[in-house]
Amino acid sequence: IKSAEQGNSCAIYSLAVCYKKGWGCDQNINTAAEWFEKSASLGCSYAMYKLGYSHQLGRVGLTINLNKAREWYTKSSAQGHETAKNCLAQ
């Protein structure tokens, strides 16, 4: 948590996953989505992919929005995230 509070994008992504799954904390989808957004805004390609996926399928408390999904997949893909590249190719 300390590393996440200091702005480490990977730690923030991990914290988001913990809130999403309820690992070591109470499960809270809304808090998870906020941490995924924060991590993505700091450049974490995994968080960008997760936001694309979540907007595509309406997960983590987000509504389906294919334009936002494409936007996040594109950002993640630009950083070399292979699964995001595959999602864009479909």
Side-chain angles (χ1 to χ4, degrees):
I1 292 177
K2 186 174 184 174
S3 187
E5 289 172 343
Q6 293 174 347
N8 181 304
S9 66
C10 292
I12 292 170
Y13 174 79
S14 295
L15 187 59
V17 172
C18 289
Y19 276 108
K20 178 180 178 274
K21 303 277 188 181
W23 293 342
C25 59
D26 290 335
Q27 185 178 29
N28 188 320
I29 298 301
N30 294 327
T31 300
E34 290 171 15
W35 284 111
F36 282 126
E37 289 272 354
K38 173 84 171 167
S39 179
S41 73
L42 293 172
C44 178
S45 66
Y46 294 102
M48 292 174 191
Y49 165 76
K50 180 56 85 176
L51 287 171
Y53 178 82
S54 297
H55 278 295
Q56 180 182 4
L57 300 177
R59 302 282 170 93
V60 193
L62 300 175
T63 58
I64 293 174
N65 184 325
L66 298 182
N67 290 328
K68 283 188 178 183
R70 190 176 307 107
E71 176 185 330
W72 284 116
Y73 284 148
T74 299
K75 289 178 181 182
S76 182
S77 176
Q79 292 193 14
H81 195 284
E82 292 298 321
T83 307
K85 288 180 184 179
N86 291 339
C87 290
L88 287 171
Q90 295 179 356

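Quick note: numbers below take in every heavy atom, side chains included, and nothing from hydrogens, waters or symmetry partners. For reference, positions follow the sequence shown, starting with 1.
What you find for Gly61 and Ile29 is that their closest heavy atoms are N-CG2, 3.2 Å. For the pair Lys20 and Gln27, the tightest heavy-atom approach, listed with the atom from each and the gap, is O-NE2, 2.6 Å. Contact detail for Gly52 and Ala69: the closest heavy-atom pair is O-CB, 3.3 Å. For the residue pair Lys38 and Ile12, the shortest heavy atom distance occurs at CG-CD1, 3.8 Å.
Side chain of Ser39 to backbone of Ser9: a donor-acceptor contact under 3.5 angstrom is found. When atom types are taken as modelled, the side chain of Ser3 and the backbone of Asn8 share no donor-acceptor pair closer than 3.5 angstrom.
One hydrophobic cluster, built from ILVMFWY side chains closer than 4.5 Å, cannot hold both Leu42 and Trp72; they sit in different ones. Cluster membership for Val17 and Ile1, using ILVMFWY side-chain heavy atoms within less than 4.5 angstrom, is not shared.
Scanning for side-chain contact (heavy atoms from CB on, under 4.5 Å) contacts around Ala16 gives Trp35, Phe36, with sequence neighbours left out. Residues passing the salt bridge (Lys or Arg N to Asp or Glu O under 4.0 Å) test with Glu34: none are found, sequence neighbours excluded. Applying the side-chain contact (heavy atoms from CB on, under 4.5 Å) criterion to Glu82, with sequence neighbours excluded, gives Lys85. Asn30 is linked by a side-chain contact (heavy atoms from CB on, under 4.5 Å) to Asn28, counting only residues two or more places apart in sequence or in another chain. Residues passing the side-chain hydrogen bond (donor to acceptor under 3.5 Å, both in side chains) test with Glu37, sequence neighbours excluded: none.
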Next item on the list: Please step through side-chain contact (heavy atoms from CB on, under 4.5 Å) for the pair Gln56 and Arg70, ending with a clear verdict.
Entry: CA-CA 8 Å; Gln56 180 182 4; Arg70 190 176 307 107; over 6 Å; no

Margin query: As a quick check of understanding, evaluate side-chain contact (heavy atoms from CB on, under 4.5 Å) for Gln79 and Met48, giving each step before the final call.
Written below: CA-CA 10 Å; Gln79 292 193 14; Met48 292 174 191; 3.3 Å; yes

Margin query: Applying side-chain contact (heavy atoms from CB on, under 4.5 Å) to Arg59 and Tyr53, what does each step give before you reach the verdict?
Written below: CA-CA 8 Å; Arg59 302 282 170 93; Tyr53 178 82; 3.3 Å; yes

Check: Hey, mind stepping through Leu62 and Leu51 against side-chain contact (heavy atoms from CB on, under 4.5 Å) and telling me if it holds?
Finding: CA-CA 9 Å; Leu62 300 175; Leu51 287 171; 3.9 Å; yes

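Atom OH of Tyr19 is separated from atom OG of Ser14 by 13.0 Å, given to the nearest 0.5 angstrom. Distance OH/Tyr13 to SG/Cys44: 7.0 Å, rounded to 0.5 Å. Rounded to the nearest 0.5 Å, atoms NZ (Lys75) and OG (Ser41) are 9.5 Å apart. Here Ser54 contributes atom OG and Asn65 contributes atom CG; the two are 12.0 Å apart, rounded to the nearest 0.5 Å.
In this structure, Ile64 shares a hydrophobic cluster with Leu66, the cluster being traced through Ile, Leu, Val, Met, Phe, Trp and Tyr side chains under 4.5 angstrom apart.
Ring geometry, Tyr49 versus His81: the interplanar angle falls under 30°, so the pair is classed parallel (tilted spans 30 to 60°).
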